[in-house]
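To start, the structure itself, in structure tokens.
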Amino acid sequence: MNIKSVEVFPLKVKNGPVYLGSSPAGMSSESDYYIRPEYRSIYSRNLETLLVKITTESGIYGWGEALAPVGPEITGAIIERLFTSLLIGRDARDIDVIWSCLYDSMRERGYFTGFMVDAITAVDVALWDLLGKSVGLPIYQLLGGAYRRKIPAYVSGIPKTTREERIELALEWKAKGFTAIKLHLGFGVHEDAEIAAYMREALGPRFRLMIDAHWQYSVSEAIQLGRKLEKLDIDFLEAPTAPEDVEGTAEVSRALDMAVAIGEAKRTRYQFKDRLLKRAADIYQPDIGRTGITEAKKIANMAEAFNIPIAPHLSVGQGICIAATLHLSAAIPNLYILEYQPTVMSTANSLLIHPIVCEQGHYMLPEGPGLGVDIDEKQLRALI
Ligand code: MG
């Protein structure tokens, strides 16, 4: 089971659907990237990700993916230039040992997160896929078994701009059997509360609604917004304040009865530890495209000891990332609900031999060995 080769595939799907809806006007059309002013974050015009294929001397291979919404070649270069020499010849089954080896390799220089851990993630997922294929078992089984085979999902985003359009699209999802939607807001306390109010009215009292504030608010603004949202029975308020402000987020959590959710930008158990100890939030949202399976399992187990549920984050991760998230979501007792990005799913499935299914408010857990999905390599190579 020794590793023979490591191949990276930085993927940029042109003309894909734009994440969170239409991109802002006035940006340079020459670059792949632009800043979305309301969120201050850089976004790509393409659907970007980083795939990795690890093959053993016996010919068994595994696919991994790191969430790489911008600059997948950067994550890929870390794997090629730093990690490949550490991986070749090692037993692919030593997943935890390899994780530690890669993490330790740049630790003394202060690389604890970011692209570095994204690169470890891609390797980690590929090794789990490989292990599952080598013993003929799905990853969730190797993680200790499935607490559930249908993974509850919420629709992430109603990428429309007017009240009428938003209500129309949300009602379409409701008609398709979905029972939960998250709105990407952060447009100001009053506008957010107004949008939440008309969506609540349109969708009815039992429909689950979540609000992502994209870190836009001060502590006092977040509490002000939260109090308005509580009256609308909003499920959770995500990322109300700056991601670095652990104490501020804890203050918001304490002030509100409604749940506060955070964690998409955090990658390791060390980053979650401090937040858990300070009870900074009520729900944690690790992204398996940033944590990998090994670390996500540790984070979820740690959260479990604090009686805190996990609602994994899923944004533009493609099929391998989605499948890895499904196995992790099946194999933890404290799953809250999983994110579903309808606009990403068609591209993701176009690269898979068997599609991932999310219907009637649930994902189906893939059942084959490893991730239970496989990349259509011909299709992938045609896109590179
Ligand atoms: Mg978010």
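One-based numbering, in listed order, for ligands and for the atoms of each.
Residues Gln341 and Ser156 bring a donor and an acceptor atom of their side chains to less than 3.5 Å of each other.
Stacking of Arg269 on the aromatic ring of Tyr103 is not recorded, the 6.0 Å distance cut-off and the 45° axial limit not both being met. Annotation: cation-pi geometry satisfied between Lys53 and Tyr61 (NZ/CZ under 6.0 angstrom from ring centroid, within 45° of ring axis).
Residue Asp212 approaches the Mg ion (ligand 1) most closely through its N/O/S atom OD2. Nearest N, O or S atom of Glu238 to the Mg ion (ligand 1): atom OE2. Between the Mg ion (ligand 1) and the N, O or S atoms of Glu264, the shortest distance is to OE1.
By the 30° and 60° cut-offs, the orientation of the rings of Tyr154 relative to Phe236 is perpendicular.
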